[in-house]
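Right, one structure below, let's go through it.
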Amino acid sequence: MSTSRTELQDPGPTEGAGVPETRLARLTRLNQEEFARDIWGRRALLTRSVSDFSDLFSADAVDELVARRGLRTPFLRVARNGSTLPESSYTSSAGVGATIADQLDDTALWREFADGATLVLQALQRTWGPVADFCTGLSSELGHPAQANAYVTPPQNRGFDDHYDVHDVFVLQIEGTKRWLVHEPVHPDPLRDQPWTDRRSAVAEAAGSEAYIDTVLEPGDALYLPRGWLHAAQAQGEVSVHLTIGIHNWTRYALAEQLARTALAALRDDPRMRGSLPLGVESPAEEIDLVRERLVTAVTEADSAPSFHRARRGQARPAPLGPLAQLVAVDGLAPGVPVRLREALEARLEGSRLTTRVGWLDFPETDLPSVIRLLDGDVHTAGDLGVELVGRLLRAGVLVPAGQ
């Protein structure tokens, strides 16, 4: 089932068109320039048979995570008929040596699933390697943090009612089929503290109108939804497994928050701003004008870039680091050993200080040319950068062996 409007969303195959095989292109058949110009934050996009996503996730992966990995809440939640079930209904202790009570109970989960509940495996960028690697790469391409959930829905069941998310999403159909109903926003570009539950009546009314997209996703299909776009989905005649990759957008409002905080911090050092208002003040207009003038000056002079970059670094984690492989690299360090910058570090050289998601390091002037070279992300040899410098950066978790 698909409306004519949906068919217009499909950009069609681009074989031979020179689109690089980026992660974004794998999801949309578009390069970054095309996606930014025509789609990003503007409209939903359906792309048919764009990729085989079974290398990222599968039904076997669901069983592995639920039955063998000892997952705890909140790495899974369970929903039925639009409502989330209490954690106590599907968790328990795992017995001797694993008595923590909030571990997933595979028998209880099976019973809930057989009774029509949807399983939601959350934060897969932390628990499933292929998804973690894909999210790390996609986040680097887009410049916004990415996370991933998997939704496992029994035949003919619907996990959640019509709603919108406060972040963009890419939906990747893995197994089975699912019917999606998508409506245009009732509140475009919602911020993180503006959830759909604040607009239940408007969402319900919009969900009853003609859908912007009404289609059945099949394995290999991908759907992009900007934040604020309404959606609901229902599995068809078999179990449906899909990945939702959430893009947690940085907004101009977030930049404004950083700028305002920086300006207010500067005003704390202004003795006049710390001063008390005059006694007996009844009309504060003159005081307000003075504060406004000082605040505008502080905003104009504020450099919020450092605090913004700190906030960005805190929104995600760097690529995984294997401690045993790292120890082997340190112990076997020699001039010919290839190394590279660890992915997703958000590394920035500010003067002689390198700031990253794993801390900061100061360098002497003689090391700065090598530090600048390693920031290109390419593979370098320890001898090219300097064996002593490479050893320091390996121990700090900034560089990793090229094969890791």
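These numbers were taken from a predicted model, which means no experiment stands behind them.
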Residues two or more places apart in sequence or in another chain: which of them pass side-chain hydrogen bond (donor to acceptor under 3.5 Å, both in side chains) with S139? none

With distance as the sole criterion, is a donor-acceptor pair present between the side chains of S240 and T153 under 3.5 Å? no

Salt bridge (Lys or Arg N to Asp or Glu O under 4.0 Å) partners for R373, two or more places apart: D384

A302: what forms a side-chain contact (heavy atoms from CB on, under 4.5 Å) with it, not counting sequence neighbours? L259, T262

Set of residues satisfying side-chain contact (heavy atoms from CB on, under 4.5 Å) with respect to D303, sequence neighbours excluded: A305, P306

Quick one, N249 with H167, criterion side-chain contact (heavy atoms from CB on, under 4.5 Å). Give me CA distance, side-chain angles, the key distance, then yes/no. CA-CA 6 Å; N249 319 60; H167 51 266; 4.0 Å; yes

Check salt bridge (Lys or Arg N to Asp or Glu O under 4.0 Å) between R274 and all other residues, then give those that pass, not counting sequence neighbours. none

Between L255 and W250, is the side-chain contact (heavy atoms from CB on, under 4.5 Å) condition met? List the steps. CA-CA 8 Å; L255 287 177; W250 284 104; over 6 Å; no

Residues in salt bridge (Lys or Arg N to Asp or Glu O under 4.0 Å) contact with D270, at least two apart in sequence or another chain: R294

Which side-chain N or O atoms in residues 55-62 pair as donor and acceptor under 3.5 Å with protein atoms at least two apart or in another chain?
{"from": "D55", "atom 1": "OD1", "to": "R26", "atom 2": "NH2", "distance (Å)": "2.6"}
{"from": "D55", "atom 1": "OD2", "to": "R26", "atom 2": "NH1", "distance (Å)": "3.3"}
{"from": "D55", "atom 1": "OD2", "to": "R26", "atom 2": "NH2", "distance (Å)": "3.4"}
{"from": "S58", "atom 1": "OG", "to": "D60", "atom 2": "N", "distance (Å)": "3.4"}
{"from": "S58", "atom 1": "OG", "to": "A61", "atom 2": "N", "distance (Å)": "3.2"}

Residues 355-364, side-chain donor-acceptor partners within the protein, below 3.5 Å, at least two apart:
{"from": "T355", "atom 1": "OG1", "to": "R313", "atom 2": "NH1", "distance (Å)": "3.3"}
{"from": "T355", "atom 1": "OG1", "to": "R348", "atom 2": "O", "distance (Å)": "3.4"}
{"from": "T356", "atom 1": "OG1", "to": "V358", "atom 2": "N", "distance (Å)": "3.0"}
{"from": "T356", "atom 1": "OG1", "to": "G359", "atom 2": "N", "distance (Å)": "3.4"}
{"from": "T356", "atom 1": "OG1", "to": "G359", "atom 2": "O", "distance (Å)": "2.9"}
{"from": "R357", "atom 1": "NE", "to": "R313", "atom 2": "O", "distance (Å)": "2.8"}
{"from": "R357", "atom 1": "NE", "to": "A316", "atom 2": "O", "distance (Å)": "3.1"}
{"from": "R357", "atom 1": "NH1", "to": "A344", "atom 2": "O", "distance (Å)": "2.7"}
{"from": "R357", "atom 1": "NH2", "to": "R312", "atom 2": "O", "distance (Å)": "3.1"}
{"from": "D362", "atom 1": "OD1", "to": "R353", "atom 2": "NE", "distance (Å)": "2.8"}
{"from": "D362", "atom 1": "OD2", "to": "R353", "atom 2": "NH2", "distance (Å)": "3.0"}

Partners meeting side-chain hydrogen bond (donor to acceptor under 3.5 Å, both in side chains) with R37 (sequence neighbours left out): none

Salt bridge (Lys or Arg N to Asp or Glu O under 4.0 Å) partners for R317, two or more places apart: none

I'd like to know whether H163 forms a side-chain contact (heavy atoms from CB on, under 4.5 Å) with D161, so could you lay out the CA-CA distance, the side-chain angles of the two residues, the decisive distance to 0.1 Å, and finally the verdict. CA-CA 6 Å; H163 65 284; D161 292 334; 6.0 Å; no

Starting from the C-alpha separation in whole Å, work towards a yes-or-no answer on side-chain contact (heavy atoms from CB on, under 4.5 Å) for H242 and L217. CA-CA 10 Å; H242 80 261; L217 291 188; over 6 Å; no

Does some side-chain heavy atom of L45 sit less than 4.5 Å from a side-chain heavy atom of L30? yes

Go through the structure and list residues passing side-chain contact (heavy atoms from CB on, under 4.5 Å) with Q194, not counting sequence neighbours. H187, P190, L191, R199

Do the side-chain N and O atoms of T251 and R227 include a donor-acceptor pair separated by under 3.5 angstrom? no

For E365, check side-chain contact (heavy atoms from CB on, under 4.5 Å) against everything at least two apart and list the hits. L368

So, do H248 and R192 sit near enough that their side-chain heavy atoms are less than 4.5 Å apart? yes

